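Just below is one structure, and these are the notes that go with it.
Every chain is numbered from 1, with letters handed out A, B, ... down the list of sequences. Quick caveat, the model's predicted, so the values are computed rather than measured.
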Number of protein chains: 4
Amino acid sequence: MKNNKPKYNQIIEAAVKVIAANGYHGSQVSKIAKAAGVADGTIYLYFKNKEDVLVSVFEEKMGQFIEKIAESTSKKQNAEEKLRTLIEMHFSQLSADYDLAIVTQLELRQSNYALRLQINKVLKPYLKEIDSIVKEGMEEKLFRSDLNVRLVRQMIFGTLDEIVTNWVMKEQKYDLISQVPEVHALLTGALSSAR
Amino acid sequence: MKNNKPKYNQIIEAAVKVIAANGYHGSQVSKIAKAAGVADGTIYLYFKNKEDVLVSVFEEKMGQFIEKIAESTSKKQNAEEKLRTLIEMHFSQLSADYDLAIVTQLELRQSNYALRLQINKVLKPYLKEIDSIVKEGMEEKLFRSDLNVRLVRQMIFGTLDEIVTNWVMKEQKYDLISQVPEVHALLTGALSSAR
Amino acid sequence: MKNNKPKYNQIIEAAVKVIAANGYHGSQVSKIAKAAGVADGTIYLYFKNKEDVLVSVFEEKMGQFIEKIAESTSKKQNAEEKLRTLIEMHFSQLSADYDLAIVTQLELRQSNYALRLQINKVLKPYLKEIDSIVKEGMEEKLFRSDLNVRLVRQMIFGTLDEIVTNWVMKEQKYDLISQVPEVHALLTGALSSAR
Amino acid sequence: MKNNKPKYNQIIEAAVKVIAANGYHGSQVSKIAKAAGVADGTIYLYFKNKEDVLVSVFEEKMGQFIEKIAESTSKKQNAEEKLRTLIEMHFSQLSADYDLAIVTQLELRQSNYALRLQINKVLKPYLKEIDSIVKEGMEEKLFRSDLNVRLVRQMIFGTLDEIVTNWVMKEQKYDLISQVPEVHALLTGALSSAR
DNA sequence: GATGAATGAGGCTTCATTCAT
DNA sequence: AATGAATGAAGCCTCATTCAT
């Protein structure tokens, strides 16, 4: 797919860099085109409009992001390990690509309501993944059996998201990955059936 | 105070309504002025510019929001009760003013980086309030003594914020306040020293 | 007259200072009012509108300017002396009041066509004064008898005006009054019947 | 050059016409664009902002104006002839393009201080040209050897400028070119070494 | 497929002037 | 006579999108 549409990927990569460097409102189509080494009009051969570029950035990047997390968690044996892996992968991937972290945590959130709905659609599989880990944990009796899955998912995602956003805004002045054990302990503590 | 600056408050109230109805990007100064029943230019007698109106909306509304929470929690005897009250007040206040919920959870987040920094400044006291509840709980031995206060605060705020945002985006199709006990159970479970 | 309308004169004096300090476009009515120690609305009790303030500044200041020149030249015996006195007075008065020089040479020229026509009207008596000196010089046979009075007046006024404007724009880095003899020599050279 | 930048020149020409017809303050960008037969935004492909359009009008037009004068004077043998040619060219060029005369003599002078400084920069070569004629005349002993070149230049430019401005304001009710001999006589009279 | 010059709608802000007190 | 809060018209500029080449 990448080799089939080299321009498409050039534009996606350029968009991430340009948005990370200039912010959402400073990322004009012409700037992205220039960074991608194509003409302005070429963008419109591969994308319906500017919003489509941004949605696609999110789709491509978060698609990979989520895929890798799912892949890693699937290798783990129980819900607690899967949750730890999910946190680890969430933090490590965004740690490894700071441009992407800026774009997903700060810049794309400045988009309008329509784009935000699209973004939510892209996140769906990630949220489903969290849901199934929670359900699995309940079945495994690792987690309390009376958990409200939706609320737990919102807690988990809200917590991770808030932590990463703070880390990005603090300009990564501390290490994100080293927080994994504590975060894992907090979240399993909330869910745990052990008392 | 309200009677001292009637126009100022008219404009703030109008801004909330207009932004809730039209979205951040659909809220032109002229629309806010019209809704407030004043001339466009009058806005600039009370605010430096459009951004200042938006910051002030957040300051005024979140100021009251936070103040009421602090007031209520201060009447409670221990950290667990304080946390429950904080959750209760957070949910009930936004439940009671759906326009405000739309504005704070969805629309004002579309603002530029500068405005977002201002918003963070306004939120500071709320985050401090959470911190002191956590610390109090640790002193009271209700919470584990080895908690990382920053992480816990990010978990609590991230969780509440994500829950409310989802509720707003789902167009309040379910009741927010009835979720308080479960959310409180989850969070205290995460923090609790009891095992 | 000054004692009869103290506010009127306060406003005129304030206008000169404000325009000299802030430039034509930086001199809002409210700034002039503040400098004069009156309310904005008070300006409109003494002047028809802002343009009327500016015209009046010019009228009052240039009225005095011209009057003093006429007074001084009238004491001189012949056209050559009168011309020297006119140059001397023109330069010395503007040298003595740098604010006024800025206002008349630079700032008020940025006004619109209508105001400029008013300004020309105010200058009329000065131009007439020049005319009569030229005519007197011709009668006295000091000047050539075939002079085109209009052209000569334009030469004299254009020369003095250009010299003062340059001096103001150079921020009075040299002395204006010491140029009088040379300027007088040039102009009388142009007019002189002696060959 | 004209064919290389057709839009650029269309806009310059349109600006002269629009300013001559509507005055400096009545010349909105949209009016200039319409007169040039381009979209408003097109202006900004060729000019940084509105001020840049006006500066460019002056640069282009006065550039040609000055070049033609320099070209003509260079063919003359002595300073007196050069001065006559300079006056002739100054008057004839502005006579031939009344729109340009209105723009340079009346409208562009209403511009702000920044634009005026730019205008002065453009005029520099013209003033230098005058200076060198004066110096040449002194070397040729046609002019007095003790002339203050700066003052003489200010006299010459101030005189010509005042004459043209009056002619424009009088709506060209008389012929400008026929005044050349008299003006030349006056100015050479001022400078002449013959006594 | 690729280009990039051209388009044109849309909104924040200033400030001279008014008028109720 | 004096105030000053309120008015509201008016214009520069950006930038997503198109389309002739």
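- Atom CD1 in D/Ile43 sits roughly 17 Å away from atom C1' in F/dC15 (whole-Å rounding).
- Counting only heavy atoms from C-beta outward, the side chains of C/Tyr46 and C/Lys7 approach each other to under 4.5 Å.
- For the side-chain hydrogen bond (donor to acceptor under 3.5 Å, both in side chains) test, residues two or more places apart in sequence or in another chain that qualify with C/Glu107 are C/Gln110.
- Across every non-hydrogen atom of D/Leu54 and D/Ile19, the tightest pair is CD2-CD1, 3.5 Å.
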Sugar-phosphate means primed atoms, P, OP1 and OP2; the rest is base. With that split, encode nucleotides 1-9 of chain F 5' to 3' as B, S or - using protein heavy atoms under 4.0 Å.
-BBB-BBB-

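- Remark: C1' of E/dA16 and CG of C/Leu54 are 12 Å apart, rounded to the nearest angstrom.
- Annotation for C/Ala101 and C/Val168: closest pair CB-CG2, 3.9 Å, computed over non-hydrogen atoms.
- In this structure, the NZ atom of A/Lys50 is 8 Å from the P atom of F/dC15, given to the nearest Å.
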Strand DNA chain E as a dot-bracket string - pairs counted if Watson-Crick or G-U with both distances under 3.5 Å, | where the partner lies in another strand
.||||||||||||||||||||

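- For D/Tyr24 (side chain) and D/Val103 (main-chain N/O), no donor-acceptor pair under 3.5 Å exists by modelled atom type.
- Nucleotide E/dC12 holds its P atom 14 Å from the CG atom of B/Asp52, rounded to whole Å.
- At whole-Å resolution of the value, CG in C/Leu115 and P in E/dA16 are 14 Å apart.
- Side-chain atoms of B/Lys50 never come within 3.5 Å of backbone atoms of B/Val29 as a donor-acceptor pair (strictly under, hydrogens ignored).
- Rounded to an integer number of Å, the gap from CD1 of A/Ile11 to P of E/dG1 is 11 Å.
- One atom, OH of B/Tyr44, and another, P of E/dG11, lie 12 Å apart when rounded to the nearest Å.
- D/Tyr8 and D/Glu60 share a donor-acceptor pair across their side chains, judged by distance under 3.5 Å alone.
- Looking at residues 21-33 of chain B, you'll see that no heavy atom sits under 4.0 Å from any atom of DNA chain F.
- Shown here are the side-chain contact (heavy atoms from CB on, under 4.5 Å) partners of C/Asp99, two or more places apart in sequence or in another chain: C/Val16, C/Lys17, C/Ala20, C/Asp97.
- By the 6.0 Å contact criterion, CD on D/Glu51 is enclosed, its count of non-hydrogen atoms from other residues, nucleotides or ligands being greater than 12.
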N/O donor to acceptor pairs below 3.5 angstrom from side-chain atoms of residues 33-43 of chain B, sequence neighbours left out:
residue: B/Thr42; atom: OG1; partner: B/Ala39; partner atom: O; Å: 3.4

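- A/Glu171 is listed as a side-chain neighbour of A/Tyr98, based on a closest heavy-atom distance under 4.5 Å.
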